[in-house]
Every structure is written in C-alpha cells, then in structure tokens.
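Each remark here refers to the structure printed beneath this line.
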2 protein chains.
Amino acid sequence: MLGLMASPKPYRAPVLADVARAADVSVPTVSRVLNGSKYVAPDLAQRVNEAVQALGYRPNGAARSMRSGRRTLVSVLAGATANYGYARTLQGVETAARRAGMSVSITVVESGEDEHVRAAIDLTLAQPTAGVIVLEFDRAGINAAKALPEGLPVVVAGGGSRRTGQVPAALIDERAAGRQATEYLLHLGHRTVHHIAGPTEGKHSGRTDGWRAALTAAGAPAPQIMRADWDASAGYRWGERIAGMSDVTAVFCANDDIALGLMRALSDRGIDVPRDISVIGFDDQPLVALWRPSLTTVDQDFEDLGARAFGLLSQVIGGEPDAASSVKAPQLVVRESTAPPKG
Amino acid sequence: MLGLMASPKPYRAPVLADVARAADVSVPTVSRVLNGSKYVAPDLAQRVNEAVQALGYRPNGAARSMRSGRRTLVSVLAGATANYGYARTLQGVETAARRAGMSVSITVVESGEDEHVRAAIDLTLAQPTAGVIVLEFDRAGINAAKALPEGLPVVVAGGGSRRTGQVPAALIDERAAGRQATEYLLHLGHRTVHHIAGPTEGKHSGRTDGWRAALTAAGAPAPQIMRADWDASAGYRWGERIAGMSDVTAVFCANDDIALGLMRALSDRGIDVPRDISVIGFDDQPLVALWRPSLTTVDQDFEDLGARAFGLLSQVIGGEPDAASSVKAPQLVVRESTAPPKG
DNA sequence: AGATCGGGGGAAAACGTTATCATCTGAAGT
DNA sequence: ACTTCAGATGATAACGTTTTCCCCCGATCT
C-alpha cells in the first residue's frame, strides 16, 4: 500500500507562529527580536534566535511588505539587457541596491509600441516595487518613462544633457562627449567629420547634437547624417559605401559596435585606419582597446550611472524634496584609430 | 501660512475597497472580475472595469501573493551580470519569464566566500520568490547552489555535462565542445594543442576536460595548462610568453576575451594568426567575427540556456516529478583564426 | 507607604487580497 | 404551484506579518 499513502509532510514553510511556539513566546515578541527592537529581554531574544535557527525560519516577504508598507524591491525597465551599456548600467544599479539591502527586478520593454510598453509596466507593477528606474537609452525606454503612473517613485537613467520632463534623472552628458570627440578630430586637421548615428530616437540624440554643435562652432560643413542600427553589421554596410566616397577623412560613430563594423569594412577594402580615415566610437567597450588599430572612443561610466540612478531613486522614495538630477561628462579616450588627415 | 500647511492629500494608492465603492459592488466581486472568474454579470463587470480605469487601480502584489500563495517572481543568483555569457543567459531567462507572466529579480553573489553567499541568499529570499535559478558559471554560483535551503524550487544553469548533485539543471555541454574544438585543431594537422584555462573552478572545467579527452584519444601529448582570469589582459600576458615558445602552433582558449588578448599580443610581436599559430576561442561574442583575423570559436546558445532553465524551474514549481535536466551541445564556428600548421 | 514611571511583553487589530461559505434570485423540472 | 437547482453576489474568514494598545511589574520618587 506504500504507493497509495498520502505524503506524510507536505512541507509548509515555518512561519512566525511556529517560531513563537518553539521559543514559548508570543508572536509579536518574535517580530520584535527579528526587527532588532530594543525592549526585549536578552534571554527571550536568545530563545527566539535559537528557534529561528532550528526551524530555518525565513520571514515571508509578501506579508512583511504588505503590513509594514516598506518595499525592498526596485524595478528596472529597459529596452534591452545584454548590450554592453545596458548590462553595465544594470550592474551598477544592482551593486548599489544590494549594498542598500534592496533587490532588483528587471523587465524588458520589447519596443516602443504602446502594447509592449503597457505589458512591461503591468508586469513590473504586479510586484510590490518601491520604485522604478527607467533606462532611457532608446524609444522603448522613453515611452515607458512617459507611461508610468503618477505617484510612483520613478527616476530615469540616460544620455541626455538635461532632465527629461519632470522625472529626476541620472544622466551622462552625451552632447558634451559628442562635441568633444568631433572637436578632437577637427583639431587634428580634418576639414569636417562624418557621423553615423543610431536609430532615430525621437527628436534627437545627444551624441548627434554635440557633433553638430562642434561643426557649427568651427564653421565646418555638416555632412548628411548616416543612420544605422546599433549593431556592427550596420557599421559594416556604411563602411562599404564610405569606401567609395572620396571626401570622407573622419567618422564619428554613435557606438563602438558600429565603429568596429565600419573599420572592418574599410579594412576589407584596403583602406587604412587611421592613415586614410580616422574613426571614433562611443562606449569604450573593453575589447575595443585590443582592436588593431585600437579604437579611439568615448568612455561612458555606465556603472556609475546605474549607481547614481539608484541613489536618486532612494531619495525620491525617501520623500526628499530636492532630489536633483545629476549629469556627468564622459571622457574621450584617444587610441590608435585617429590621426591627422593624409594631405 | 502656506508653507506650514499640511499637504492636502498624502496620496494613498487606491485599493480594492475603493474600486468596490466606486462601482457600487462588493469587494469580492471586484476580485472576481479582475481574476476573470465566470459567474459575474456583464454589467457589473463593466462597472468594475470602468472604476478600475478611472481610479488607476493596480492590485497590490504583496497582498495578492500572500493570500493566494501564488508567486510571480523568479530570482536569478549569479556571480556576475555584465559579462557576455551571464548577460545573455539572464536575457534568456527574462524573456521566457515575461512570456509566462513572471518577473525576474537578479542578485549578484560577490564571491564564493560563505559571507557573500549567505548575504546574497538572504537578500534574494527576502522577496516572495517562486523559485531560484542559479547561474553556475563560477565558484560563487556553485557555492550559492549548495547553500540554498531545502524545500525551495531551485534549478541550475551552467556548463557541466551532467547534473550537479540533486538539483535539476539546464546545461551546455562544454566538455563536448572543448573536445570538438581540440579535435578540429588536431585534424588540421597540429601535433598538439595548448590550452589557456579560466580560473580554477573547483575540480575541473568542462572545457578543459574536453580538451584533455581529445588529446588523450588522439595520443597527442598534453602540454601544461595555462591558467588565466577571464579577461583579455590575462590572454595578452600569456600571449607575451607564448610568443617566445617555439613549440606552440595551436591554442584553445577558455573564452573569447582571452583569445582576443592573446591574438593582440601575438600580433604585437609579429606573429601571424593563423599562419604561425592557430587560435580558438569560446563563447562566440558578436564582435569576434569582425576581428582580423576573425575568430574561430564555440557558439554557446546562452539565451536558449536561460530559457531552458526557466522552463525547468516552472516544472519544478508546478510540482512535476520528472523535471529532467537538459543538455545541449554548443557548436564550433570555423572562421579565419585557424589553419594547418606551417611545416 | 503610596503614587509615579518606564521597561517588557501579550492581545488584538490591521494591511489588501483571495477563498470559503451562505444567501438570494429566477428558471427549470415535477 | 412546489421543489430543485444553478447562477450570481455579498458577508466573512484567512493569509503572515507589523503595529497599536494596554497591562503588568519592579524600581524610583515623594
């Protein structure tokens, strides 16, 4: 009859009442001990701690957060996770959150379409979240930030040079960086600088703005913007076309992947970087320093961005009235892919 | 006196009772409508839905999960997040979870030290989690998997060729891949294959095992293993030494970063890949195809790994008795960095 | 010695939801 | 016309915790 026996213990996780019984104290006392309240006798506290150990008790997070109203989960909404910038920013958020005793959840917004935005938000808010950090690197993130309900603590992390709307933001000043990169190329003696931009993100991108500003300030002609997706293959395809253009001597790419794809295409066609054409990327992924030629690029401190975003969210959650946006300027890293023009 | 006025509405998120009042129905009825129960009159349902819309009501996840016992959060424990393999696996988990209507939380285990392991587990289990996926790519993950309490749904995702302990696992057969890569080099005519391994992970690594098995099967001599960290600089340092070794004609690297660092070091010393030395990597990061020469490597389907891990966890949570581990073999991708030896 | 005070601890309420149970209605079956 | 039944709804309990309230006690003060 063994096979028909009901399982003897369906294993129920121990709860506060079990601990209280084992320690022969009341339920609130156990709670007090666990939450480090003073006003509890040492011997009782010890009995409780022993019972907790013995039973392997873990507080039920749902019950805890429901009753106390305290939330220990922060949610990240992002258009992607595995791309370098996203992943590093997420890492920065996670590290900061962990040090503060909070957990991080991540939800991907598949696209900027209403449907995807709404689905992601619904999923995120189904958890008892203390607040939301939106990675505003793409349209999905931008739309998600707009669609979040009022009254919920929200901060944005992104590449603008100033705050977007009313939401506090941790920012990287892409505009300044784009300008600096372009100015560097002009300073080397290039007549103008071509630009491969990322997919259009609403009105403008800071990188593109900075590029244009530098050209205007220097009185240099602004060539037509070349649009590309974020990945290397898009850079490669533009490289094929640029190889046939005689007037291009310097290219500022919206990210490292595009730059590497471009360089490979040029290399495949016998065009030398940086002798024939200079190339600058954006992000400073670890591998680009190994490239031949190593890539001149803009170092964005994504981890710091994530940490700042979390800090800001903490302030907002804490109700601090002057939760101020922060902006940090990325840094140009000069390597081998840039040089004065041939002439 | 304006400055001294108490804020008029401290904003309390609407709850079920508010909706019920607005729709003039009972609280349970609202719950029924929201959970799609039948047995509710169409006109009532509509009133409820309108009230939900009007008030912007969102169910309180904590209360919901406490009462129903249903959990909609799965937790990922990992030794890192931003590295390519980790990030892609996490992406796979997130996508699968989102499709299943579940959220994902991520906690980094800083090291294999007891202290860090315990801290990470405590943090994770403070959330009302339905189950845990441990990324067993390093010692931190391995130790975390061991230290998780009994009775909690746990699965492992990693690179073993068979299950570790009693925990169901989604695996990538690194051993088979290591063997295949090594056999390919031998097949090209190399007398033996050198190997740069990752940091020692307990007893062994599947990649290293496969390498050794291939050499043994072919009767080739097994050179001393070269140990390295996972990053490119470690590969570079080995490259500096390998440049001075005359007997090295082929190197199998434990990951792509190491391989790229190695290739750069060799290139810096005028050693041609693949003419003088063949190099194989492991992971197939997107950029390695752009390298010059493009890298022969092993494609690991990390996203699929994450998806399988989530599927497995779902089964475990659902109480399916035969939640079977799955193993998938990665694939060798032949590119330009491998060739027959000179002689 | 009686009033006062504050540490220590238990009883009970409360959080917002879902599950159980009971009740009510109207239609179908005799 | 009287039961029967199923659909529809509300009252109430329950989940596991924290918070509030109150009582007890011994120590200190008049």
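Naming: A, B, ... by sequence-line order, numbering from 1 per chain.
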When the distance from CZ of A:R71 to P of D:dT18 is rounded to whole Å, what number comes out?
15 Å
How close or far is atom C1' of D:dG10 from atom CZ of B:R32, stated in whole angstroms?
7 Å
Check every nucleotide of DNA chain C for an atom under 4.0 Å from a heavy-atom of chain A, then give the first and the last such nucleotide from 5' to 3'.
C:dG7 to C:dG16
Please tabulate, for side-chain N and O atoms in residues 72-82 of chain B, each donor-acceptor pair with protein atoms closer than 3.5 Å (sequence neighbours left out).
residue: B:T72; atom: OG1; partner: A:Q127; partner atom: NE2; Å: 2.7
residue: B:S75; atom: OG; partner: B:S105; partner atom: OG; Å: 3.2
residue: B:S75; atom: OG; partner: B:T129; partner atom: OG1; Å: 2.9

Answer yes if the side chains of B:N60 and B:R64 hold a donor-acceptor pair under 3.5 Å, and no otherwise.
no
Taking N or O atoms only and anything under 3.5 Å, show me the protein contacts with nucleotides 13-17 of chain D, one pair per line.
residue: D:dA14; atom: N3; partner: B:R67; partner atom: NH1; Å: 2.4
residue: D:dT17; atom: OP1; partner: A:Y57; partner atom: OH; Å: 2.5
residue: D:dT17; atom: OP1; partner: A:N60; partner atom: N; Å: 3.3
residue: D:dT17; atom: OP2; partner: A:L16; partner atom: N; Å: 2.5
residue: D:dT17; atom: O5'; partner: A:Y57; partner atom: OH; Å: 3.4

Contacts to DNA chain C from residues 119-129 of chain A, heavy-atom cutoff under 4.0 Å, which residues?
none
Should A:D304 and A:R308 count as an ion pair when the cut-off is N to O under 4.0 Å?
yes
If you take all heavy atoms of B:L313 and B:G131, which pair is closest and at what distance?
CD2-C, 3.8 Å
Over 12 foreign heavy atoms within 6.0 Å of CD, B:E113
no
Taking all heavy atoms of A:P149 and all of A:I121, pick out the closest pair and write down the distance.
CD-CG2, 4.5 Å
Heavy-atom donor-acceptor pair, B:N35 side chain to B:S31 backbone, under 3.5 Å
yes
What are the two closest non-hydrogen atoms of B:E94 and A:T107, and how far apart are they?
OE2-CA, 3.5 Å
By nearest-nucleotide position on DNA chain D, the 5'-leaning member of A:P28 and B:S26 is B:S26
Is a salt bridge present between B:E110 and A:R99, judged by a nitrogen-to-oxygen distance below 4.0 Å?
yes
In residues 40-49 of chain A, which ones come under 4.0 Å of DNA chain D, going by heavy atoms?
none
Ignoring hydrogens and angles, state whether a donor on the side chain of A:S65 or A:R71 is under 3.5 Å from an acceptor on the partner side chain.
no
How close do A:L305 and A:A170 get, heavy atom to heavy atom, and via which atoms?
CD1-O, 3.3 Å
Would you please name every residue forming a side-chain hydrogen bond (donor to acceptor under 3.5 Å, both in side chains) with A:E303, sequence neighbours left out?
A:R88
Between A:A97 and A:V104, which heavy-atom pair has the shortest distance, and what is it?
CB-CG2, 3.5 Å
